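What follows is a short report on a single structure.
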Amino acid sequence: MIRRIKGTYDILPEEAEKWQKIEDVMRKVARIFNFKEIRTPIFEASELFHRSVGESSDIVKKETYDFEDRGKRSNTLRPEGTAPIARAVIENKLYADPAQPQKLYYFGPMFRYERPQKGRQRQFHQFGAEIIGSASPLVDVEIINFALTYLKALGIDDVIVKVNSLGDKASKENYIKVLREYLEPNINELCQDCQRRHEENPLRVLDCKVDQKNPILLNAPKPVDYLTDEARYHFDHVVQGLESLQLDFEIDGNLVRGLDYYTHTVFEIQSQSDSLGSQSTLVGGGRYNHLIEELDGPDTPAVGFAFGAERLLLALENSPVLESKSEIHAYFISLDNIFTNEGLKIINDLRMGGILIDYDFLNRSLKAQFKQADRLNAKFYLIYGEKEAKEGIINVKDSETGEQVPVKIDDLYDYLLKQLKGGSCSNGCSGC
Ligand code: AMP
């Protein structure tokens, strides 16, 4: 038997309904905040990720899915969404669109060769947003508020919001020098990865999951203490904006995020729900003012975030938000040969009017058709055979009350509509 690839999984229909729900909420909140969807290819030239995410990042060092195509070009399955969007903004000249800044969002699969565990897969899905074309601290506030509003709309409010600032290029360079010097005498006491990071990108040492509680890291100098005046001004205004929205957040001096392209604000929102275990970060993001320029585009400041959709679903485990019983309005029960009477036409006419209806494809007995109707949670059984066809009627039986009434075929649509209007249905259709 051919099995699915390690770290991937199938989203079966019942689970897919939950995905639709979180995607629906995402699109609604995006509309309220006036973000527009962008869809980029699932694979890109490998160079894009090497130049943007950074050669020293874990993603590029050991997690990308790279393949050579038949033209001997090196391609990579996208491990994240920001670099492809930066590429698309440059290639399609979205930076020149008069409607600035561009407020974009995306949803789709990402690929990283990681050790699979709960909340960590090799194919996973991200919902992300980017505001491109404004250096104002207002857009940092806007993006954090968007992420939090989405969580609130999903009913997830047991979260911790952590923000920090890495400052502009000058602050970052100065800080990295100070940090490297601070770590130098103690480097042997840190994990193997940190010893390597200390050389390549000391900022990432602060992010270490192994040495998180090590006093060497806890007492390390913090980036916020090395901000230039300009970077300090920016961060103070981000903090003021968050405060004026009365959002709960904390400043975490050790928060750096794993990708090289961040400058100024970085942030994470962590869930406090037990269902996430060690993978508690729901969303991470920050400002990346030089990425577009580094990819040969014009100097264009930007800020963004990415949610892990699988982690959202884990945080929503057992939540009433995702509980929905799938139902249909009616199940057509055929007493005789459906090919020779008007049955198929009746079903189709009802569907054209928006009625959710299904029928038997397995030549089931009468009893088995009722059983199938119950499995599908049909509100009404529509019972129809040669006798009903001759009389121009159909028997409509309410599956809950057991009440059965003959209804003229011509009146059937209006009758069902009227009955369904009184009830409630989770399908969100116009008939209910
Ligand atoms: P990153 O792109 O690494 O900043 O990650 C952003 C968010 O994507 C994280 O907070 C997670 O929620 C999610 N994420 C990252 N990697 C994975 C993975 N391998 N499996 C599932 N979710 C992931």
Side-chain angles (χ1 to χ4, degrees), residues 4-9 11 15 19 22-23 26 40 42 44 48-49 52-54 56-65 76-86 105-130 143-144 146-148 150-151 154 156 159-164 166 201 203-204 206-209 252 255-263 265-273 275-288 291 302-317:
R4 59 175 196 263
I5 287 170
K6 190 175 167 190
T8 70
Y9 57 96
I11 303 173
E15 200 58 22
W19 282 80
I22 62 166
E23 288 176 42
M26 168 191 92
T40 61
I42 272 171
E44 299 271 356
L48 174 65
F49 301 107
S52 56
V53 177
S56 70
S57 67
D58 283 353
I59 293 182
V60 164
K61 255 197 142 55
K62 44 190 186 188
E63 295 173 2
T64 49
Y65 276 91
T76 296
L77 295 182
R78 62 181 184 195
E80 58 102 52
T82 300
I85 288 181
Y105 78 94
Y106 60 91
F107 181 78
M110 306 292 160
F111 306 85
R112 292 185 196 172
Y113 191 80
E114 295 191 87
R115 198 167 56 79
Q117 51 184 294
K118 197 174 179 190
R120 191 167 281 282
Q121 294 85 21
R122 291 185 175 171
Q123 175 173 337
F124 61 101
H125 297 75
Q126 282 187 340
F127 155 45
E130 320 285 349
I143 207 101
I144 295 173
F146 179 19
L148 264 172
Y150 176 52
L151 288 173
L154 286 173
I156 302 177
V159 294
I160 302 174
V161 183
K162 292 183 172 179
V163 295
N164 195 20
L166 305 176
N201 182 359
L203 260 188
R204 295 287 327 278
L206 292 190
D207 208 18
C208 179
K209 299 286 175 273
D252 177 348
L255 181 69
V256 289
R257 309 275 320 132
L259 317 182
D260 280 1
Y261 50 60
Y262 287 124
T263 48
T265 316
V266 283
F267 71 96
E268 268 184 15
I269 304 180
Q270 292 170 357
S271 163
Q272 306 205 65
S273 152
S275 52
L276 275 119
S278 60
Q279 308 298 326
S280 63
T281 305
L282 294 172
V283 56
R287 198 167 250 293
Y288 51 98
L291 178 62
V303 61
F305 67 63
F307 272 98
E310 283 77 5
R311 301 215 186 144
L312 282 176
L313 287 165
L314 278 174
L316 284 167
E317 231 169 42

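Computed from a prediction, not measured in an experiment: that's the story for all the values here. All ligand and atom numbering here is 1-based and tracks the order in the structure. Index from 1, following the sequence.
Residue-ligand proximity, A306 to ligand 1, at heavy-atom distances under 4.0 Å covers atoms 6 (C), 7 (C). With ligand atoms numbered from 1 in the order given, ligand 1 contributes 16 (N), 17 (C), 18 (C), 19 (N) to contacts under 4.0 Å with heavy atoms of E114. Atom numbering of ligand 1 starts at 1 in the shown order; those under 4.0 Å from a heavy atom of L282 are 10 (O), 12 (O). Ligand 1 places these atoms under 4.0 Å from at least one heavy atom of R112: 1 (P), 2 (O), 3 (O), 15 (C), 16 (N).
On a distance-only criterion, Q121 and ligand 1 share at least one N/O pair closer than 3.5 Å.
With a 4.5 Å cut-off on side-chain heavy atoms, T76 and L48 do not count as touching. Between V303 and T265, the closest side-chain pair of non-hydrogen atoms is not below 4.5 Å.
Between the CG atom in L148 and the CD1 atom in I143 there is a gap of 12.0 Å [rounded to 0.5 Å]. Put simply, CG on N164 and CD on E268 are 10.5 Å apart, with the number rounded to the nearest 0.5 Å. Atom OG1 of T8 and atom CZ of R122 lie 9.5 Å apart (nearest 0.5 Å).
Of all protein heavy atoms, the one closest to atom 13 (C) of ligand 1 is G308 CA, 3.5 Å. Q126 NE2, 3.0 Å is the protein heavy atom nearest to atom 8 (O) of ligand 1. Atom 14 (N) of ligand 1 has as its closest protein heavy atom F124 CE1, 3.6 Å.
Looking at Y150, Y106, F107 one by one, the single match for ring pair (Phe, Tyr, Trp, His ring centres under 6.0 Å) with F127 turns out to be Y150.
Within 6.0 Å of OH on Y113 lie no more than 12 heavy atoms contributed by other residues, nucleotides or ligands.
The option with the heavy atom closest to atom 21 (C) of ligand 1, from among G285, A315, G119, S271, is G119. Distances from atom 12 (O) of ligand 1 to the heavy atoms of V283, L314, T281 put T281 nearest.
At least one heavy atom of R311 lies less than 4.0 angstrom from ligand 1. Ligand 1 has R257 within reach: a non-hydrogen atom of the residue lies less than 4.0 Å from it.
Nearest heavy atoms, F267 versus G304: CE2-O, 3.9 Å.
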